[in-house]
Amino acid sequence: MQVSGALLFELGALLAILAVLGTAARRFALSPIPVYLLAGLSLGKGGILPVAAAGEFVTTSAPIGVVLLLLTLGLEFSATEFAASMRRHLPSAGVDVVLNALPGAIAGWLLGLDGVAILCLAGVTYISSSGVVARLLGDLGRLGNRETPAVLSVLVLEDFAMAAYLPLFAVLASGGGWLHAVGGMVAAVAALLAAFAASYRWGHHVGRLVEHPDPEQLLLRVLGITLMVAAVAESLHASAAVGAFLVGLTLTGETAERSREVLGPLRDLFAAIFFLAIGFSVDPHELIPMLPAALVLAVVTAATKVLTGVYAARREGVARRGQLRAGSALIARGEFSLIIIGLAGTSIPTVAALATAYVFVMAIVGPVLARYTGGPLPAGAGPSA
């Protein structure tokens with residue numbers, strides 16, 4: 001087997017840079033996510049020091065980071081508890097759509113865009129980043145907080161909404177008709193609901209399947225099943241993250257605890273690569289001209305997303321400080337918004353440029369605002385590298 005020296009060197013240098021940046025962020029009790037994003041911006045296409053050999057590895061590995069983040073998040077909860085929380089937060093989903101899709105739609109209308117472009121901006125401003133939020137909750141020591149089930153319910157309901165939105169938008173963006181688009185949307189939603197019902201009804205068998213005293217066997221079994229389920233979810237036009245989260249929910253007790261232990265280092269590695277990849281995908285030359293408009297849109301939708309979190313946490317009976325923590329945790333946009341931008345492609349270049357600038361601003365600002373909202377970190381908690 002021939003080894004690429006350039007790939008190994010660049011990848012090693014990237015990991016060393018991330019280690020230094022993560023240490024610096026931790027010293028100031030900040031999540032390392034913003035500095036990882038900025039590193040990706042500097043080292044990706046159009047950056048000051050592109051790393052061509054490692055770029056393909058980073059891009060290919062990034063989805064594994066999201067899958068592992070949501071898998072380990074699902075391990076913190078039981079399927080029964082989370083299903084009850086989901087039912088309680090259906091009204092929160094409606095509030096989320098109105099408060100966060102509407103600003104993007106209005107912005108598109110003010111810019112004189114057509115219906116497909118307006119739909120694109122509405123989707124970009126609506127959907128929070130599951131990957132960023134999952135990492136933030138761990139970084140800030142909030143996994144056990146009372147508001148966390150509300151945050152997760154909003155995220156999963158958003159991902160369900162994307163199962164309807166993405167097939168619809170993909171067909172329309174490519175010039176297809178409404179009948180075809182609606183048909184794809186209905187099929188994707190039906191498949192996702194069936195998968196969720198199957199996970200809730202028979203998911204406990206997964207724990208028996210993966211359980212093993214050897215850590216290596218446990219790691220291979222849990223990761224293998226999770227990646228396959230994530231792939232199936234993605235093929236149904238749902239989120240791979242939702243599939244991974246459902247697998248995590250099915251594992252309970254000692255199996256869940258041991259799975260968190262063996263998956264922790266792997267999750268941290270691929271999560272860092274995921275955030276780096278978001279920065280890699282952005283060209284700084286396209287970002288700068290759209291920053292003023294993106295900042296205005298960011299201010300509006302940061303406020304509306306906070307209101308969404310406040311409403312959802314209030315339904316859980318959480319106090320005011322916890323409501324603000326829930327709202328600030330949801331601010332960041334990321335992978336789904338970038339998928340929407342990718343579907344828009346060159347057919348809507350103005351929207352793609354504006355949306356890319358907006359997503360990057362929100363992915364950086366969201367973690368910072370979350371850190372300084374809702375009071376100090378609990379004792380012993382702090383961002384991990």
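Phe360 is not listed as a side-chain neighbour of Thr356, based on a closest heavy-atom distance of 4.5 Å or more. A 4.5 Å side-chain heavy-atom check between Ile106 and Ile118 finds every atom pair outside the cut-off. A heavy-atom distance below 4.5 Å is not found between the side chains of Lys305 and Met362. Using a 4.5 Å cut-off on side-chain heavy atoms (C-beta onward), Arg315 and Ser92 make contact. Looking at heavy atoms from C-beta onward, Leu119 lies in side-chain contact with Tyr165 at the 4.5 angstrom threshold. Asp139 places a side-chain heavy atom less than 4.5 Å from the side chain of Pro32. Residues Glu158 and Val97 are not in side-chain contact: their nearest non-hydrogen atoms beyond the backbone lie 4.5 Å or more apart. Considering only heavy atoms from C-beta on, Ser61 stays 4.5 Å or farther from Phe274 through its side chain.
For Thr148 (side chain) and Gly144 (main-chain N/O), no donor-acceptor pair under 3.5 Å exists by modelled atom type. Formation of a donor-acceptor pair under 3.5 Å by the Glu147 side chain with backbone atoms of Arg325 is not found in this model. Looking only at distances, a side-chain donor or acceptor of Arg146 sits under 3.5 Å from a matching main-chain atom of Glu316. Looking only at distances, no side-chain donor or acceptor of Thr59 sits under 3.5 Å from a matching main-chain atom of Glu56. When atom types are taken as modelled, the side chain of Ser328 and the backbone of Thr373 share no donor-acceptor pair closer than 3.5 angstrom. No donor-acceptor pair closer than 3.5 Å links the side chain of Ser337 to the backbone N or O of Arg333. A donor-acceptor contact shorter than 3.5 Å links the side chain of Thr125 to the backbone of Ala122.
Note that CG of Asp96 is 6.5 Å distant from OG of Ser128, once rounded to the nearest 0.5 Å. Between the OG1 atom in Thr226 and the CD1 atom in Ile64 there is a gap of 12.0 Å [rounded to 0.5 Å]. Taking CG from Leu41 and CZ from Phe280, the interatomic distance works out to 10.5 Å, rounded to the nearest 0.5 Å. To the nearest 0.5 angstrom, Leu68 atom CG is 12.0 Å from Leu73 atom CG. With rounding to the nearest 0.5 Å, the separation of CD1 in Ile127 from CE in Met162 is 4.5 Å. Considering CG of Leu276 and CG of Leu38, their distance stands at 11.0 Å, rounded to 0.5 Å.
In terms of heavy atoms, Ala326 sits closest to Ala313 at CB-CB, 3.9 Å. Nearest heavy atoms, Ala332 versus Val132: CB-CG1, 3.5 Å. Of all heavy-atom pairs between Leu297 and Ala107, the closest is CD1-CB, 4.0 Å. Here the closest heavy-atom approach between residue Val262 and residue Pro215 is recorded as CG1-CB, 4.0 Å. Nearest heavy atoms, Val351 versus Ala117: CG2-CB, 3.7 Å. Closest of all the heavy-atom pairs between Arg320 and Val310 is NH1-CG1, 3.8 Å.
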task: Evaluate the criterion side-chain contact (heavy atoms from CB on, under 4.5 Å) for residue pair Asn145 and Val151; output intermediate values, then yes/no.
output: CA-CA 10 Å; Asn145 285 15; Val151 172; over 6 Å; no
Working for side-chain contact (heavy atoms from CB on, under 4.5 Å), residues Tyr126 and Leu99:
CA-CA 8 Å; Tyr126 162 66; Leu99 288 181; over 6 Å; no
Working note: Val133 + Ile331, criterion side-chain contact (heavy atoms from CB on, under 4.5 Å); need CA distance, chi angles, decisive distance, verdict.
CA-CA 9 Å; Val133 175; Ile331 289 174; over 6 Å; no
TODO: List the steps and the verdict of side-chain contact (heavy atoms from CB on, under 4.5 Å) for Phe275 and Arg135.
DONE: CA-CA 10 Å; Phe275 299 122; Arg135 176 61 187 262; 3.7 Å; yes
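Follow the hydrophobic side-chain contacts under 4.5 Å out from Leu113 and you never reach Val300; the two are in separate clusters. One hydrophobic cluster, built from ILVMFWY side chains closer than 4.5 Å, cannot hold both Val296 and Leu111; they sit in different ones. There is no path of hydrophobic side-chain contacts, each under 4.5 Å, that joins Val299 to Leu307. Criterion: ILVMFWY side-chain heavy atoms under 4.5 Å apart, direct or through other members. Under it, Leu155 and Val95 are not part of a common hydrophobic cluster. Under a hydrophobic-cluster definition in which Ile, Leu, Val, Met, Phe, Trp and Tyr are linked whenever side-chain heavy atoms come within less than 4.5 Å, directly or via other members, Met290 and Ile288 are assigned to different clusters.
A donor-acceptor contact under 3.5 angstrom links the side chains of Asn100 and Thr304, judged on distance only. In this model, a donor atom of one side chain and an acceptor atom of the other lie less than 3.5 Å apart for Thr301 and Tyr358.
Exactly one of Leu69, Val67, Leu71, Leu70 qualifies for a side-chain contact (heavy atoms from CB on, under 4.5 Å) with Phe245. That residue is Leu70.
A salt bridge does not link Arg221 with Glu211: every distance from a Lys NZ or Arg NE/NH1/NH2 to an Asp or Glu carboxylate oxygen is 4.0 Å or more. Classification of Glu261 and Arg258 as a salt-bridged pair fails, no side-chain N sitting under 4.0 Å from a carboxylate O.
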